[in-house]
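What follows is one structure encoded as structure tokens, with my remarks underneath.
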Amino acid sequence: MKELNLSKASITSYLPYEKGVYFPTETDSSNISVGAERIRRMRKRKKILKELRAEQSEDALWVAVIAFQGYKFRTYSGLVFSYSLKKGRGRGNTESGVVNKQGNTNKLDEAYKKADVYTKELFIDRRENSKSLAWSSVLLAFHNIPQIGCVVDRPKALGDIRGVTYIYAIFYRFGLIDAPEKAKEKMEPVRNKDSEQISFV
């Protein structure tokens, strides 16, 4: 690709294949097509959300938050945003919920065994100089959910929490809460420009 001065997406666009994952799960992402990588990521995220809704735990929520970095959410009013996490300085947090104090791993996705290297802070990128979202605020809203999957009328119904507008959108996408019909149209997932497929990237 370097010799041709072309991107990975440009090269794979010339290859004669239909959409699908043609590589084993363990294949490195640098050796698969862009479309296959996107589908793999989508499947992994779906699995993680299924585990989250089944376990309804802080551990599973943290794993989902890690998996959805860079995903484009929509707020209650339809504004698009995504978030990122930053890694710590190597010390980690043994109480992250993925590796416990005894060093034993729980049954969450093996790909996130070392999730504790991330700091517990979500950096929102909706606009320049956007502030960070504390993990403690996310957990506070999480414990304020009356029942998994129930309709929450508006973000403030989760509590008077800093950044609750973003938390509401994340919880809606994760399937932890439902939104009123009038808000669902505004919160529709962002779609790829070149495809009708909903973007899970």
Side-chain angles (χ1 to χ4, degrees), residues 8-9 12 19-76 78-87 96-99 105-126 133 135 138-139 141-142 145 148-149 152 163 165-179 184 186-201:
K8 179 179 177 181
T12 55
K19 291 182 179 179
V21 179
Y22 297 99
F23 300 89
T25 304
E26 62 273 10
T27 303
D28 188 86
S29 60
S30 62
N31 295 323
I32 64 176
S33 67
V34 174
E37 183 179 356
R38 182 181 296 116
I39 293 172
R40 175 189 287 182
R41 186 185 301 115
M42 179 184 69
R43 288 177 176 173
K44 178 175 287 187
R45 284 172 170 170
K46 283 185 175 181
K47 177 183 177 183
I48 288 172
L49 292 186
K50 183 178 180 180
E51 292 176 347
L52 169 59
R53 290 189 285 267
E55 294 189 15
Q56 301 177 23
S57 67
E58 294 179 7
D59 298 357
L61 177 60
W62 178 238
V63 171
V65 166
I66 292 173
F68 275 79
Q69 293 181 82
Y71 179 87
K72 295 185 183 301
F73 298 87
R74 287 190 188 275
T75 65
Y76 187 86
L79 298 175
V80 178
F81 75 94
S82 61
Y83 65 80
S84 61
L85 302 173
K86 293 184 179 181
K87 292 188 176 182
S96 67
V98 178
V99 180
T105 56
N106 59 24
K107 64 180 182 179
L108 296 177
D109 197 308
E110 290 296 314
Y112 297 103
K113 284 181 181 179
K114 296 182 179 179
D116 54 305
V117 301
Y118 287 103
T119 60
K120 294 295 185 74
E121 201 170 15
L122 287 70
F123 293 87
I124 308 297
D125 73 348
R126 190 179 73 79
L133 183 61
W135 177 241
V138 177
L139 290 184
F142 180 61
I145 297 175
I148 297 297
V152 178
T165 299
Y166 302 120
I167 298 173
Y168 183 96
I170 294 170
F171 284 3
Y172 174 70
R173 175 63 188 87
F174 287 1
L176 297 175
I177 61 173
D178 201 358
K184 285 184 178 181
K186 296 179 181 179
M187 300 181 73
E188 280 293 306
V190 178
R191 296 177 181 273
N192 290 333
K193 293 181 180 179
D194 302 324
S195 172
E196 289 300 316
Q197 182 182 3
I198 293 176
S199 173
F200 287 87
V201 178

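Predicted model only: the values in this text are computed from it and were never measured.
- Between Leu61 and Phe142 there is a side-chain heavy-atom pair separated by less than 4.5 Å.
- The shortest non-hydrogen separation linking Ala179 to Met187 is CB-SD, 4.1 Å.
- A ring-centre distance under 6.0 Å is found for Phe68 and Phe174.
- Here Glu121 contributes atom CD and Leu85 contributes atom CG; the two are 9.5 Å apart, rounded to the nearest 0.5 Å.
- Using a 4.5 Å cut-off on side-chain heavy atoms (C-beta onward), Tyr71 and Arg173 make contact.
- A donor-acceptor pair under 3.5 Å is formed between the side chain of Thr119 and the backbone N or O of Lys86.
- By the ring pair (Phe, Tyr, Trp, His ring centres under 6.0 Å) test, Tyr168 is found to be paired with Tyr76, residues two or more places apart in sequence or in another chain being considered.
- Applying the ring pair (Phe, Tyr, Trp, His ring centres under 6.0 Å) criterion to Tyr172, with sequence neighbours excluded, gives no partner residue.
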Step by step, would you call Trp62 with Val138 a side-chain contact (heavy atoms from CB on, under 4.5 Å)?
CA-CA 10 Å; Trp62 178 238; Val138 177; over 6 Å; no

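- With sequence neighbours excluded, the residues forming a side-chain hydrogen bond (donor to acceptor under 3.5 Å, both in side chains) with Lys184 are Asp178, Glu181, listed by chain and number.
- The nearest pair of heavy atoms linking Leu49 to Ala64 is CD2-CB, 4.2 Å.
- Taking 4.5 Å as the limit, some side-chain heavy atom of Phe81 sits within range of a side-chain heavy atom of Phe73.
- The side-chain contact (heavy atoms from CB on, under 4.5 Å) check on Gln56 picks up Ile148, with sequence neighbours excluded.
- The side-chain contact (heavy atoms from CB on, under 4.5 Å) check on Ser82 picks up Asp125, with sequence neighbours excluded.
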Determine whether Ile170 and Leu176 satisfy the following criterion, side-chain contact (heavy atoms from CB on, under 4.5 Å), listing intermediate values before the conclusion.
CA-CA 9 Å; Ile170 294 170; Leu176 297 175; over 6 Å; no

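- Here the side chain of Arg74 pairs no donor or acceptor atom with the backbone of Leu79 at under 3.5 angstrom.
- In this structure a side-chain-to-backbone donor-acceptor pair under 3.5 Å is missing from Gln69 to Ser84.
- Taking all atoms of both residues into account, the shortest heavy-atom contact from Gly163 to Leu133 is CA-CD1, 3.8 Å.
- Between Ile124 atom CD1 and Tyr83 atom OH the span is 8.5 Å, to the nearest 0.5 Å.
- Rounding to the nearest 0.5 angstrom, the gap separating the CG atom in Leu139 from the NZ atom in Lys120 is 7.0 Å.
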